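Because the structure is a prediction, the values reported are computed rather than measured. Order of appearance sets the numbers: ligands from 1, and atoms from 1 within every ligand. All values below come from the heavy atoms of this structure, side chains included, with hydrogens, waters and symmetry mates left out.
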Amino acid sequence: MRDTKEKLSNLTIFLHWAVGLTIIALVVVGIYMDENEVFWLYPIHKSIGVLIFAVIIVRVYWRFVNGWPQLITGYKAVEHNLARIVHWVLIITMIIMPISGFIMSGAGGYGVSVFGLEIIAAQFDPIVKEAIPHNAALAGFMGETHEISGWTMIAAIVLHIAGAIKHHFINKDNVLRRMLGKNYTKTSSTK
Ligand code: HEM
Ligand code: HEM
């Protein structure tokens, strides 16, 4: 079933929350492990990052065959445009993040595994125990990309959540309710 103005499909809702909540967890873990050098978290961050990429591809494909959710009520053009820009930034960064992470780790010689299943072999110097990059320049560029795209994504997530809160608690409309799977025309007509 496709999305309608009154009700979003189960697939849209499932993909939004599965990807959205996983990404929030990856961002929190990514910053925490990087700032505090918590190395045991790296393989978990990388494994979940690779797995969620498969879901992200389905999510982005579905968004484009299905179209964006229709506007619930007439909002100011500036508000609508801001929401659209934020949605585009979220979609673009959710594609860049797993790809840049994968190439950063792979090219950097650290390897990529999904919960122990090796996808790109690590390459460590046996004496100094440091990774030997396959391509240091590429790894460095992808590391910068992961970081800049990560902070751009965080800014967009903050605006996005602020927007959802504003709609729900200030405008008191059905934007959040619809993303939670409610058919709001039915809800209001039974009141
Ligand atoms: C949607 C997926 C992902 C998100 C949202 C995400 C997010 C982040 C964030 C916000 C950081 C901290 C900022 C930084 O230093 O770059 C980070 C760090 C990191 N991420 Fe990811 N990441 C994702 C996928 C991946 C994948 C697939 C890999 C590797 C296979 C990966 C490897 C890393 C590594 C190695 C770091 C630490 C970088 C360092 O120590 O400088 N990430 N991630
Ligand atoms: C607690 C966190 C979140 C809340 C409360 C929330 C809420 C919402 C709501 C209410 C909508 C519907 C907007 C409309 O009807 O036009 C929406 C759409 C959207 N959200 Fe979130 N969201 C959250 C987290 C995220 C995260 C982390 C991402 C991506 C990284 C994300 C990406 C999107 C995108 C791209 C859309 C546009 C419609 C779609 O593609 O499904 N959201 N969100």
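Nearest-residue assignment for atom 37 (C) of ligand 1 (options Y42, W151, F102; heavy-atom criterion): Y42. The closest non-hydrogen atom to atom 12 (C) of ligand 1, taken over A139, A25, G30, comes from G30. Closest heavy-atom approach to atom 36 (C) of ligand 2 within the set M179, H87, R177: this belongs to H87. Here atom 21 (Fe) of ligand 1 lies nearest to H45 when heavy atoms of H45, M33, E147, M153 are compared. Compare E35, E144, M104, H146 by their heavy atoms: the one nearest to atom 25 (C) of ligand 1 is in H146.
No part of Y75 comes within 4.0 Å of ligand 2, judged by heavy-atom distances. With a 4.0 Å cut-off on non-hydrogen atoms, T93 does not touch ligand 2 at all.
Given atom 2 (C) of ligand 1, the protein heavy atom at minimum distance is L26 CD1, 3.6 Å. Among protein heavy atoms, atom 7 (C) of ligand 1 sits closest to M97 CE, 3.3 Å. Among all protein heavy atoms, the one lying closest to atom 3 (C) of ligand 2 is W17 CZ3, 3.8 Å. Looking at atom 13 (C) of ligand 2, its nearest protein heavy atom turns out to be V175 CG1, 3.8 Å. Ranking the protein heavy atoms by distance from atom 26 (C) of ligand 2 puts G20 CA, 3.7 Å first. Protein heavy atom nearest atom 41 (O) of ligand 1, with residue, atom name and distance: D34 OD1, 3.5 Å. Protein heavy atom at the shortest distance from atom 1 (C) of ligand 2 is I161 CD1, 3.9 Å. Protein heavy atom at the shortest distance from atom 35 (C) of ligand 2 is R59 NH2, 3.6 Å. At the shortest separation from atom 32 (C) of ligand 2 among protein heavy atoms lies L90 CD1, 3.5 Å.
Although no hydrogens or angles enter the test, the distance criterion places no donor-acceptor pair under 3.5 Å between the side chain of T12 and the main chain of L8. Side chain of K7 to main chain of T4: no donor-acceptor pair is present (N/O by atom type, distance under 3.5 Å, no hydrogens or angles).
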Item to check | Working for side chain to side chain contact (heavy atoms under 4.5 Å, CB included), residues H160 and L90 | outcome: CA-CA 9 Å; H160 184 65; L90 291 170; 3.7 Å; yes

Checklist entry - How far apart are the C-alpha atoms of H134 and Y110, what are their side-chain angles, what is the distance that settles it, and do they pass the ring pair (Phe, Tyr, Trp, His ring centres under 6.0 Å) test? => result CA-CA 10 Å; H134 298 283; Y110 294 96; over 10 Å; no

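Salt bridge status for K166 with E79: present, with a side-chain N to carboxylate O gap under 4.0 Å.
For the atom pair OG of S105 and NZ of K46, the computed distance is 3.5 Å after rounding to the nearest 0.5 Å. Atom CG of D173 and atom CZ of R178 lie 9.5 Å apart (nearest 0.5 Å). Rounded to the nearest 0.5 Å, atoms OG1 (T152) and CD (E147) are 10.5 Å apart. The CZ atom of F115 lies 6.0 Å from the CG atom of L51; values are rounded to the nearest 0.5 Å. Separating the CE atom in M142 from the CD1 atom in I96 is a distance of 9.5 Å, to the nearest 0.5 Å. We find the CG-CZ distance between L11 and F14 to be 8.0 Å, quoted to the nearest 0.5 Å.
Here's the thing with K46: none of its N/O atoms is less than 3.5 angstrom from an N/O atom of ligand 1. Ligand 2 has a nitrogen or oxygen under 3.5 angstrom from a nitrogen or oxygen of H16. Taking any N or O of R178, backbone or side chain, at least one lies under 3.5 Å from an N or O belonging to ligand 2. Ligand 2 has an N or O atom lying under 3.5 Å from an N or O atom of R63, backbone or side chain.
Follow the hydrophobic side-chain contacts under 4.5 Å out from W40 and you reach V112 in the same cluster.
Note on H160: counted as a metal contact of atom 21 (Fe) of ligand 2, an N/O/S atom lying under 2.8 Å.
Every atom of ligand 1 is numbered from 1 in the order shown, and the set under 4.0 Å from a heavy atom of S105 is 29 (C), 35 (C).
Aromatic ring orientation, Y42 versus F39: tilted (interplanar angle from 30° to 60°).
Aromatic pair Y32/H45: ring centres not closer than 6.0 Å.
Heavy-atom distances between W88 and ligand 2 stay at or above 4.0 Å for every pair. By the 4.0 Å heavy-atom criterion, H167 is excluded from the residues contacting ligand 2.
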